[in-house]
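Let me begin by presenting the structure, written as structure tokens, before commenting on it.
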Amino acid sequence: MKKVLIVSTSPRMNSNSEALAKAFAKGAQDAGHETELISLRDKTVSFCRGCFVCQEKQRCVIRDDADVICQKALNADVLVFATPIYYYEMSGQLKTLLDRLNPLFPSGYAFRDVYMLTSAAEDEETVPQRAVSGLEGWIECFERARLAGTVFMGGVTAAGENPEHPALEQAYQMGKTV
């Protein structure tokens, strides 16, 4: 059994990227893994101050929800980030969280596999490339981790617009294979 931490970064209730996160969580649960789904929608995540105290203390000096999420990420075997695509890039909420996960860098983090789930109004295959590339840059800093998979739900705008979108089944199946 693995510990799977899933972070939904959309500010919208019942968003399409959160639907992907829930589908992934269901797949991982059905496979017998322990899952936790956190939504940033109702969390306080301040910007990184760039003080690098976290590199010494392995904990951020800012005590907000990002600090709590970082402590959970430290012990997770699998990290999953779900984000809407805004202007062909990850949400600002996700980028801010990734910056705040800096205390993980010098730590004995447990995660090896990192997944990215994305949704966007545009449906071209290339739409999530920059967001995925941004996450790959973050993963590059963690030599024992890798990008294990991505799922893209394109052609959706309104929250919960397409409950039969094939990407939901892809996210579920990916969760089962964790």
Side-chain angles (χ1 to χ4, degrees), residues 1-45 54 57-60 62-84 90-91 93-119 128 131-132 135-136 138-153 159-160 163 165-178:
M1 180 177 80
K2 293 181 181 177
K3 286 184 180 180
V4 182
L5 179 64
I6 305 161
V7 182
S8 173
T9 67
S10 177
R12 292 194 305 174
M13 192 83 129
N14 301 314
S15 71
N16 294 300
S17 59
E18 191 162 293
L20 288 170
K22 288 177 180 176
F24 190 103
K26 176 81 169 103
Q29 288 167 352
D30 288 353
H33 301 294
E34 177 186 327
T35 65
E36 182 175 1
L37 174 58
I38 297 173
S39 173
L40 294 188
R41 182 178 46 260
D42 57 352
K43 304 288 187 222
T44 300
V45 178
C54 64
K57 307 280 185 188
Q58 294 185 353
R59 186 147 187 211
C60 185
I62 303 169
R63 297 293 186 254
D64 63 6
D65 293 313
D67 181 54
V68 174
I69 294 167
C70 187
Q71 295 307 305
K72 291 174 184 270
L74 176 66
N75 297 309
D77 299 302
V78 177
L79 298 179
V80 183
F81 298 106
T83 183
M90 69 178 73
S91 69
Q93 291 86 340
L94 177 53
K95 177 59 174 120
T96 299
L97 178 66
L98 292 176
D99 289 347
R100 288 292 306 287
L101 294 180
N102 201 29
L104 296 172
F105 177 68
S107 74
Y109 59 89
F111 61 89
R112 298 297 180 261
D113 291 339
V114 180
Y115 294 85
M116 184 174 226
L117 312 172
T118 58
S119 66
V132 171
L135 182 62
E136 286 175 320
W138 182 82
I139 294 168
E140 189 70 25
C141 297
F142 299 91
E143 65 184 33
R144 297 185 312 269
R146 69 183 181 109
L147 181 63
T150 65
V151 174
F152 173 58
M153 177 190 280
H165 198 289
L168 293 167
E169 178 64 21
Q170 291 173 343
Y172 173 80
Q173 292 299 329
M174 190 172 282
K176 280 186 77 169
T177 63
V178 163

NZ (K22) and CG (L117) are apart, to the nearest 0.5 Å, by 13.5 Å
Decide yes or no on side chain to side chain contact (heavy atoms under 4.5 Å, CB included) for L37 and F24, but give the supporting numbers first. CA-CA 10 Å; L37 174 58; F24 190 103; over 6 Å; no
CG of L74 to CD of Q58, rounded to nearest 0.5 Å, is 8.0 Å
Go through the steps to decide whether L168 and L20 satisfy the test side chain to side chain contact (heavy atoms under 4.5 Å, CB included), and finish with yes or no.
CA-CA 6 Å; L168 293 167; L20 288 170; 4.0 Å; yes
| Within a radius of less than 6.0 Å around CD of Q29, do more than 12 heavy atoms belonging to other residues, nucleotides or ligands occur? | yes
Of all heavy-atom pairs linking D65 and T44, the shortest is OD2-N, 2.7 Å
F142 meets the ring-ring contact (aromatic ring centres under 6.0 Å, His included) criterion, sequence neighbours left out, with Y109, F111, W138
Closest non-hydrogen atoms of A66 and V45, given as atom of the first, atom of the second and distance, are CB-CG1, 3.8 Å
Closest non-hydrogen atoms of A159 and N16, given as atom of the first, atom of the second and distance, are CA-ND2, 4.2 Å
In terms of heavy-atom contacts, A171 and A23 come closest through CB-CB, 4.0 Å
Problem set entry | L40 side chain reached by I69 side chain, heavy atoms, under 4.5 Å | yes
d(Q170 CD, H165 NE2) to nearest 0.5 Å is 8.5 Å
Side chain of T177, backbone of M174: donor and acceptor closer than 3.5 Å?
yes
Heavy-atom check, side chain of R100 versus side chain of I62, under 4.5 Å
yes
Within the structure provided, determine whether L135 and L147 are in side-chain contact (heavy-atom separation under 4.5 Å). yes
- prompt: Is a side-chain N or O of K2 found less than 3.5 angstrom from the main chain of V178, in a donor-acceptor match?
  reply: yes
* Asked: Hey, does K43 have a side-chain heavy atom less than 4.5 Å from the side chain of L97?
  -> no
Hey, can you pull the donor-acceptor pairs under 3.5 Å for the side chains in residues 3-10, sequence neighbours left out?
{"unit_1": "S8", "atom_1": "OG", "unit_2": "E18", "atom_2": "OE1", "d": "3.0"}
{"unit_1": "T9", "atom_1": "OG1", "unit_2": "A82", "atom_2": "O", "d": "2.9"}
{"unit_1": "T9", "atom_1": "OG1", "unit_2": "T83", "atom_2": "OG1", "d": "3.4"}
{"unit_1": "T9", "atom_1": "OG1", "unit_2": "S91", "atom_2": "OG", "d": "3.1"}
{"unit_1": "S10", "atom_1": "OG", "unit_2": "R12", "atom_2": "N", "d": "3.1"}
{"unit_1": "S10", "atom_1": "OG", "unit_2": "S15", "atom_2": "OG", "d": "3.3"}

Here the gap from I139 atom CD1 to L79 atom CG, rounded to the nearest 0.5 Å, amounts to 8.5 Å
Here the gap from L104 atom CG to R59 atom CZ, rounded to the nearest 0.5 Å, amounts to 12.0 Å
Sorted by chain and number, sequence neighbours left out, ring-ring contact (aromatic ring centres under 6.0 Å, His included) with F152 holds for none
Nearest heavy-atom approach of S107 to P103 is CB-O, 3.8 Å
dist D113:CG -> R144:CZ (nearest 0.5 Å) comes out at 13.0 Å
